[in-house]
Amino acid sequence: MSDPQQTPDLVSMSIDGQDISARSGKLLIDACEEIGVEIPRFCYHKRMSPVGMCRMCIVEVDTGRGPSLQPSCMLTVSEGMVVDTQSELTKKVQDGVLEFLLLNHPLDCPVCDKGGECPLQDQTIAFGPGETRFVEEKRHFEKPIPINENVFLDRERCILCDRCTRFAEEVVGDPLIQFIDRGNSTEVNTFPDDPFSSYFSGNVVQICPVGALTAKSYRFKARPWDLEEVESTYPNPMGDRIVIQSSRDQVLRLQGLDSEAVNWGWLSDKDRFSFEAFQSEYRLDNPLVRGGGLNKADKGGTALVATTWAGALSMTTETLKKTDPNRIAFLGGARMTNESQYAWAKLAKGIIGTDHVSADLGDELPPHVLLGLPRATISEICQPNNTVLLLTSDLKEEHGTLYIRLRHAAKTAGVNLIELSPTETGLSNIAAASLHPLPGEVGSVVDALVTGDIPLEVGGISGEKISAAREYLTDSNVFVIVGRSSVGESTVPIIEAISSLQTLEDCRFLPLVRRGNTMGALDMGMSPGLLPGRNTLSTGSSIFSDIWPNLPSEVGADTKQILKNAAGGQVDILFLLGADPITDFPDPDLAKAALKNAGTVIAVDLFVTPSVYESDVVLPAASFLEVNGSHTNIEGRISPIRQKVTPPGTARPDWMIASEIAHLLGGDLGIETPEDIWEELVTRSAVHGNMDFTKIDDGIDGHLLTATGRIPFNPASERLESRPFDSYSMRLVIGKKMFDQGTVIQMSQSLRMLAKPSELRINLYDFERLGIEEGTLVKVSSGEKSINIKVKVDNRVPRSSALIYLNLEGADPRDLLVDGSHSIDIRIDPTAPVKP
Amino acid sequence: MSNPSITTSRWEITDGHTLEGYLRTGGYQGLRSALEMKPSEVHEEVKKASLLGRGGAGFPAGIKWGFLPPEVWPRYLVVNGDESEPGTYKDRLLIERDPHQLIEGCVIACFALGLAQCFLYVRGEMAHGQERVAAALNEAYAEGYVGKNILGTELSVDVILHWGAGAYIVGEETALIESLEGNRGMPRLKPPYFPASIGLYGKPTIVNNVETLSNIPWIIENGGEAFAKIGAEQSTGTRIFAVSGHVNSPGVFEVEFGTTTFRDLIMGDEYAGGIRNGNALKAFIPGGASAPWFFEEHLDLPLEKSTVDNAGSMLGSGAIVVMDDTTDIVKACHNLVRFFSRESCGKCTPCREGTNWLEKILERIIAGHGREEDLDLILDVCDNISPGITWPPKQTTICPLGPSAVSPIASSLERFRSEFDAYLEDNQAVTPVELMGERS
């Protein structure tokens, strides 16, 4: 960690006659910007290495050898430097460069999407000549050409600043767009027949300094001066900061906001283009009920029909009044704002009086892991010379902006990544060590790594490799990023690994979650046995009992138990708060049985998901574009979610629905605005004690919660035995892809076609032993269970493992899971007859 | 007058490119001598020789070698054989006719500097030279002049051949390094000013020209002092000049450096043999396409670095291009500008856009569509590429390629403005694009 006492080396210099001191090593262009001297630039971008291509930022600099022209984006400040950004020569040269850039740039500003927010246009209007001296023919290219499904390239407008190409190669490691040809014929393009299929392609549109790159979703939709905008947060686990831009109550674009602590201005395409889903025609805009509405009287025969809020809410409350609180359960809530989570937790536990509340859907790490470990921030992890253990799946697929931050840390800050993932990932090629333990055996591998007691081979990894990786653990600060890398593996091996890692001195963790605001849900008490502020039901009741009058005394059921109870007919009312257990819970059959056998299922959601389709009352909620509130990211960082547009139809914020139900039950949540929640919360939660609602908007980086009040982590009690498996079997890995059949992706025009069909991915070595052709449909079985699936060769999967991604079109890998197993062995039978 | 012949001594024999021919004519004696010395002594001889780099900038090779930081390993020698300046073809002949001399020079340099790897970068278009140098290298490896334990000593040096893909800019040493690494041939940003500190693969690297290294065997065999005695005080040894253009016998000539004059070289019977058809001299380019032009009054200047520098041009790559009085200066100017425009790598805006604009304006003038304001426009565009249009040029670009295009324009407009005016008088008074509502 950097020593805060250490004073940086300062140099004294002068900029436009102003004497300043700047930190040595800083680029001149940044030093100027800090004192308010704006130097025009096109190629320079502070999140990428400078290239000095556009030459726009040239200024006159005297470093003791007389004044000379230097690009300020390439020059670091030095002692005694005298800079003149306003000299005659500087101005002449900058005007010259501007003229050169405009020579071949088409003057189609009136129809260009960038017009109005274009640095080239702004610069030209401010300083450029009124007329062109260029009377020759301009350069022509076919325009625009698609470089992938969502981004168009207009090479005539391109000024060859190298921003998009640098982004692709340097920032995200997808060097699929390049300069082609040279000199005046240079163009940016993809390789023939090979599109710019990057998960982060939308960022190049945002950083393009002209209108050369445009996004399909925004083309010709609006003029920048018609846009209204608000700074908000994308409710993903990273809490990426965004700007929501709208016109006429329609969101037209999401842009990344450059937060030093979080996403550095970048967004994954999944998040950037997902706003389309929330404005799609499939949004729920009215409450729905099934026939008579209650108690399954005519379920099956009757469809969901629209009704009024009054009707839907009265049905809800009437049945609630009649029901024993112990037979009421709540699932979900991890996608809501912190405020809505508090409101629903208070309704469930404080008013109705049930502790059967769980935001988890069986695919997260348990709450004692998420809340019980000493946490580190992303920026702390990315400090030079740290060693970071990745006990995760492929971050490029699941946590795009964290992948970008770690990639930068490994490539430029000298951070050593030690990867312990079931398959190779997007970070494998830059990791100091890339180890792929057999599913279920990561605990033994980490134990060997930490203790140095290294056998010849463990978990499918040679002792030599573990010894080599162990070198990085000495003389470095060690951080661990830990998540559920595969739902084909129980959480026990991960907990074993964490228990070993805790023996390392000062080891800190960044736990990952699957749903956007799972951290907020836990902090707001949406888990059995928990109350807001990381208080437990046993120790915290007294803090809340005056305003949460009906707090239950017994710890409630977790998600699996709630579903089992419901399937067994022991749940009369099951609330689904933005939860889709049929799609997400690892045992879809149990989820289906639960929804079928629960008395009344009440869903609060944005869309008719498979689970909502099985519900009896459906209450339409507002999306994050339509509410005010806040978000808690994986670091425990609170940042604002701000309303930009109004919800469709009569949909309303989740907290408001909870508040109205409480009111109809004769209680009172005491919540009329999101602010009210913070007034109540800060007095009772030490974790949130340094916050209030108005403070959330301060600054761009949000506010880290104080780390007090951790729930104790329960270390592993005993070590799992390594489970031998025969040479005909393979260990199953169930991964997650960025683009799948998820509701938001399927409802977004720009994203739905990016989801691929389901495949079984195995190593070439294993594939050749099968003696079949690629793409053959095979029968894959685990014990009694089996699925039919196509085979694909993927050498990122280690030998003896097999990878299937969740929630893709076709075979569902959850159908192979066996309850209670720590890992799953499968067999591929290439000869068994399968029906296509 | 008798010409010392250091680097071209084997050009007259038919098998000078083979190991047999090379050994018969005293080949690899320099290496044998070097191996009996200490590496530092070899370096000292090169310093004593005051051997100037023959690539274009004319930086003393011995001093350049001294820039290698101590104790940073590995480090590399890179041979710049990407000779592509118009009118320059001396390195090509050195590679084709005496490849062993170059290889020997490389091995001696590696010995002096403690290097184990040498990258020999040969221009893409030099197919014949590539074949010759590859064959020679195979012979040298087979006979133990290159490779492991050279001539039974502890010295081991590998020479790695690399063919370019045909880009003028790769003659710029940092662009050459980028190209060697497999990247686009684009110059690197300076500082660092010399690859000696951060070069190939980020390691200390010495980049030397083919002719420079071809001098090394002779220097070691005969001593640095003997070399320094030839030529002028600050321009020692011999130097190869390529004379082309409107002369009776164009060719490549090795002459004593610093004492021979331009007149000797262009007019002398043993050299280029005078202007063709008895025509008068109009102008000549003294050192490659990027050098400002010289005229009649410069003929008696000696071929000596500092003299030519002081006269406002440079000897550069040793290419002398002669234009007689039948030359259309505007077309000659356009020809050179077009070359730079086509060879711009595209990295810096002023060069990428500016040189192309200049080419288009000149093209339009030649096509008879020039406008009165075009000459001032040309000069202002030049000024935006190279502020002040001075020599040596200031630049708004990373490397000097863009500003190089300014030289022929500045030279020709200064001396032959009337020829440009003549084109403008024949003006057909149309511009390709009609400007609507143009202000008067």
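Here the structure is a predicted model, which is why all the values come from computation and not from measurement. All values below were derived from every heavy atom in this structure, side-chain atoms included, with hydrogens, water molecules and symmetry-related copies excluded. Order of the sequence lines fixes the chain letters, A, B, ..., with proteins taken first and strands second; residue numbering starts at 1 for each chain.
Using a 4.5 Å cut-off between heavy atoms, A/D95 makes no contact with chain B at all. Looking at A/I180, only its backbone comes within 4.5 Å of chain B, counting heavy atoms on both sides. Within the 4.5 angstrom heavy-atom criterion, atoms from both the backbone and the side chain of A/F179 approach chain B. There is no contact between B/I169 and chain A, counting heavy-atom distances below 4.5 Å. Looking at A/I58, the atoms closer than 4.5 Å to chain B (heavy atoms on both sides) all sit in the side chain, from C-beta outward. Looking at B/L189, the atoms closer than 4.5 Å to chain A (heavy atoms on both sides) all sit in the side chain, from C-beta outward. Heavy-atom distances place both the backbone and the side chain of A/M53 under 4.5 Å from chain B. If you measure heavy-atom distances from A/Q178 to chain B, you find no contacts under 4.5 Å at all. Only the backbone of B/C345 comes within contact range of chain A, judged by heavy atoms closer than 4.5 Å. Of the atoms belonging to B/R342, it is backbone heavy atoms, and not side-chain ones, that fall under 4.5 Å from chain A. Contacts of A/L75 with chain B are absent, with no heavy-atom separation under 4.5 Å from either backbone or side chain. For chain A, the nearby parts of B/E343 are the backbone and the side chain; heavy atoms of each come within less than 4.5 Å. Using a 4.5 Å cut-off between heavy atoms, A/L160 contacts chain B through both its backbone and its side chain.
The aromatic rings of B/F67 and B/F59 lie tilted to each other, with the angle between the two planes from 30° to 60°.
Between B/E85 and B/S317, the side chains place no donor N or O within less than 3.5 Å of an acceptor N or O (distance only, hydrogens not considered).
The environment of CD in A/E38 is crowded: more than 12 heavy-atom neighbours from other residues, nucleotides or ligands sit within 6.0 Å. The number of heavy-atom neighbours closer than 6.0 Å to CD of B/E181, taken from other residues, nucleotides and ligands shown, is above 12. Other residues, nucleotides and ligands contribute over 12 non-hydrogen atoms within 6.0 Å of the NZ atom of A/K138.
Checking side-chain atoms of A/D16 against main-chain N and O of A/T85 turns up a donor-acceptor pair under 3.5 Å.
When each of A/G52, A/C161, A/C54 is checked for heavy-atom pairs under 4.5 Å with chain B, A/C54 comes out on top.
Each side-chain hydrogen bond (donor to acceptor under 3.5 Å, both in side chains) pair with one or both residues in residues 381-393 of chain B, not counting sequence neighbours, appears once here: A/K92-B/D383, A/K92-B/N384.
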* Starting from the C-alpha separation in whole Å, work towards a yes-or-no answer on salt bridge (Lys or Arg N to Asp or Glu O under 4.0 Å) for B/R184 and A/E169. => CA-CA 14 Å; B/R184 286 173 71 86; A/E169 180 159 0; over 6 Å; no

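Side chains of A/E60 and A/L69 form a contact here, defined as non-hydrogen atoms less than 4.5 Å apart.
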